[in-house]
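Reading through the structure tokens given below for one structure.
Hydrogens, waters and symmetry mates play no part in the numbers below; they use all other heavy atoms, side chains included.
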Amino acid sequence: MTTDSSSTSRTTPAGISTFKGQERALRSDRLGTGGLLLSVLAATAPLMVVAGVMPTTFAVMGIVGQPLLFVVLGVVLVLFGIGYAEMSRHVHNAGAFYAYISRGLGGTAGASAALVALVAYSALQVGIYGIFGFEVSGLFATYADLEVAWWIPALAAVLAVGVLGRLKIDVNARVLGVLLVVEVALVVVFDIAAVADPGPQGLSLHAFNPDTLTGAGLGTALCFCIAAFTGFEQAPVYAEETSRPHVLVPRVMFLAVGFVAVFFAISSWAYTVAAGPSAIVGEARQQSAGLLFSLTESRLGGTFTDVLHFLFVTGMFAALLSFHNVVARYAFAMGREGLLPAAFGRTTGTSGAPGTGSLLQTAVSVLVVAAFALADGKPAGDPTAPVLRLFTWCGNIGALGVIVLMAAASLSVVVFFTRRGAAAAQAWRLVTSVLAGIALLVIAGYTVKDFDVLVGAGPGSALSWALPGIIGLALVIGLAQGLVLRSRAPEAHARIGLGNEAFQLEKAAEKTS
């Protein structure tokens, strides 16, 4: 076996080469704590969650205690993050979830996790194009008196995200940072306004009462709310592009979980204060995603509400770009390790971005948006179709996939450290991983059980099993690929999850050949 003559190697203090040539590695030292944190938080789309997810949860589930739910889920995800963060000190790979799972549960499980991650994050990203197109077409109608089909701005966003996805990650981080800071600031202004001008029940803390977390909708509300956290777990995806991944990745994960839990708990509480705990469910059912804008207009005026509408769009664009970057890096990691064609495992030019993976996600986005546009038979497009179908279907498919991956990663942490003989030293981290894994499996079970509610389908609808079945199909196909590799190409199977550390395996193979 020979290697590319342009390939050089980097050596860690322990003398282990983990570098496989410039074209097979993401550029290091591109992200610091701030850039990494902003890239991760952008995927949580704070304004989209506050304006869309929160009113939907109040309306559909009838759970007044949504603020307390965010606190509870924050605790669960901190428990998950303790073991996950410790794992990140030992594994630096753009295929974070599947790399961790392969290190703990083996290459076959890692191959399965890789495909699940690729499908889940791709679905999360593509789904946002639906609500993005819906909102932009609404802005054209309101401010320019133009009737624009939702899929036109959606496809324009696909192309813009595709271009940015091929640039340096630090350039992306600056774009994401500006958009994120502005939208967070506007939500904070709403929170302050709600507290300063509360509804008829005053500054009630009733939403934090445990009694509010009862009823048939609790399990489904958990599914809705945990989807709002999606993004914090992406920090290890960028590990190869930071200077000190063993320090920065754990730090950013805990900062992200803490910020999201506190920010969303306060903002959902602000809703209950503004409308009143006894009225919030009824108001949400009546106004749906328009609830936030209605509450801001009465307190902060029409100009602020207009700005909020525009920032709602830019916040969604930030989330689109963040998820696009994650999918491209998963494709890169899979291409580098033989789970996708080798072309995906190379970076592009001076930007150091995973260009082929970026092109793949752009192509998938174009195809899916086009398919939903063709299925929308009305002259200007049905304005509810992208929200009720594209956004809802893909968003819940992606959320289910991420929950399953987090549960598997929790188990992987336990196995990884136990096999290394570190179970005693890492005992408390293993306990937190077990607790988090159990909680995540419960949430995954509720998600599958209530999928018809999540996507707005009837109890007997085929969507209730066909949509979650996409994640199941990805899991099975990934397992089959892993088994085939183990049988036919054991060397490639052994590299799954190793990333650039596989270079050392090739060097060892050269010496023995």
Open item on the list: So, applying ring-ring contact (aromatic ring centres under 6.0 Å, His included) with F190, which one of Y271, F304, F263, W269 is it?
Closed with: Y271
TODO: Using a 4.5 Å cut-off on heavy atoms from C-beta on, say whether the side chain of V413 contacts that of R429.
DONE: no
Open item on the list: Do T272 and S204 make a side-chain contact, defined as non-hydrogen atoms from C-beta onward lying under 4.5 Å apart?
Closed with: no
Task: Polar contact flag, side-chain donor to acceptor under 3.5 angstrom, S365-Q125 - done: yes
Open item on the list: Tell me if a side-chain donor or acceptor on S268 pairs with a main-chain N or O of A265 at a distance below 3.5 Å.
Closed with: yes
TODO: Examine distances only and state if a side-chain atom of T314 and a backbone atom of L311 form a donor-acceptor pair shorter than 3.5 Å.
DONE: yes
Task: Gap between atom CD1 of I443 and atom CD1 of I226 - 0.5 Å precision - done: 4.0 Å
Task: Closest non-hydrogen atom pair between S433 and V414, with its separation - done: CB-CG2, 4.1 Å
Task: Residue pair E183 / G315: nearest heavy atoms and the distance that separates them - done: OE2-CA, 3.1 Å
TODO: Find out whether D452 and S461 are in side-chain contact, i.e. whether some heavy atom of one side chain is under 4.5 Å from a heavy atom of the other.
DONE: no
TODO: Give the minimum heavy-atom separation between W150 and S137, together with the two atoms involved.
DONE: CA-CB, 4.2 Å
TODO: Give a yes or no on whether the backbone of F416 and the side-chain of R420 come within a donor-acceptor separation of less than 3.5 Å.
DONE: no
- [ ] Output the distance between atom CG (L454) and atom CG (N396), rounded to the nearest 0.5 Å.
- [x] 4.5 Å
Task: Donor-acceptor contact present, side-chain T142 to main-chain L139, <3.5 Å - done: no
Open item on the list: On a heavy-atom basis, which atom in S294 and which in Q287 lie closest, and how many Å separate them?
Closed with: CB-OE1, 2.9 Å
Task: Note, L73 side chain near L222 side chain (heavy atom, < 4.5 Å) - done: yes
TODO: Of all the heavy-atom pairs spanning G395 and L124, show the shortest one and how long it is.
DONE: O-CD2, 3.5 Å
- [ ] Please report the closest heavy-atom contact between G437 and A407, naming both atoms and the distance.
- [x] O-CB, 4.3 Å
TODO: Take T212 and H206 through the test side-chain contact (heavy atoms from CB on, under 4.5 Å) and record every step on the way to the result.
DONE: CA-CA 8 Å; T212 60; H206 177 68; 3.5 Å; yes
Open item on the list: Quick one: does any side-chain atom of R299 pair with a main-chain N or O of A274 as donor and acceptor, under 3.5 Å?
Closed with: yes
TODO: Measure the spacing between CG of D211 and CG of L68 and express it to the nearest 0.5 Å.
DONE: 10.5 Å
Open item on the list: Between L115 and L475, is there a side-chain heavy-atom distance shorter than 4.5 Å?
Closed with: no
Task: Flag side-chain contact, heavy atom, 4.5 Å: F80 against F229 - done: no
Open item on the list: Closer than 3.5 angstrom, by distance alone: can the side chain of D197 be matched with the main-chain N or O of A193 as a donor-acceptor pair?
Closed with: no
Open item on the list: Tell me if a side-chain donor or acceptor on Q426 pairs with a main-chain N or O of F417 at a distance below 3.5 Å.
Closed with: no
Open item on the list: So does S122 get a backbone contact from the side chain of Y330, meaning a donor-acceptor N/O pair under 3.5 Å?
Closed with: no
- [ ] Under the side-chain contact (heavy atoms from CB on, under 4.5 Å) rule, what do I470 and L400 come out as? Steps first, then yes or no, please.
- [x] CA-CA 10 Å; I470 292 173; L400 174 61; over 6 Å; no
Open item on the list: Testing L292, V188, V262, V187 one by one against S267 for a side chain to side chain contact (heavy atoms under 4.5 Å, CB included), which residue passes?
Closed with: V187
- [ ] For the pair S412 (side chain) and Y100 (backbone), establish whether a donor and an acceptor sit closer than 3.5 Å, ignoring hydrogens and angles.
- [x] yes
- [ ] Please step through side-chain contact (heavy atoms from CB on, under 4.5 Å) for the pair F312 and F293, ending with a clear verdict.
- [x] CA-CA 11 Å; F312 186 32; F293 304 106; 4.0 Å; yes
Open item on the list: Please report whether the ring centroid of Y84 lies less than 6.0 Å from that of F254.
Closed with: no
Task: Inter-residue atom distance R103.CZ - Y98.OH, 0.5 Å rounding - done: 10.5 Å
Task: Separation of F97 CZ from M406 CE (nearest 0.5 Å) - done: 6.0 Å
Open item on the list: Is there a side-chain contact between F70 and M54 in this structure, where contact means two heavy atoms from C-beta onward sitting under 4.5 Å apart?
Closed with: yes
- [ ] Would you check, one step at a time, whether the test side-chain contact (heavy atoms from CB on, under 4.5 Å) holds for L77 with V260?
- [x] CA-CA 11 Å; L77 295 178; V260 169; over 6 Å; no
TODO: Drop me the distance from L186's CG to T305's OG1, to the nearest 0.5 angstrom.
DONE: 10.5 Å
Open item on the list: Quick check: do I397 and I471 have side-chain heavy atoms less than 4.5 Å from each other?
Closed with: yes
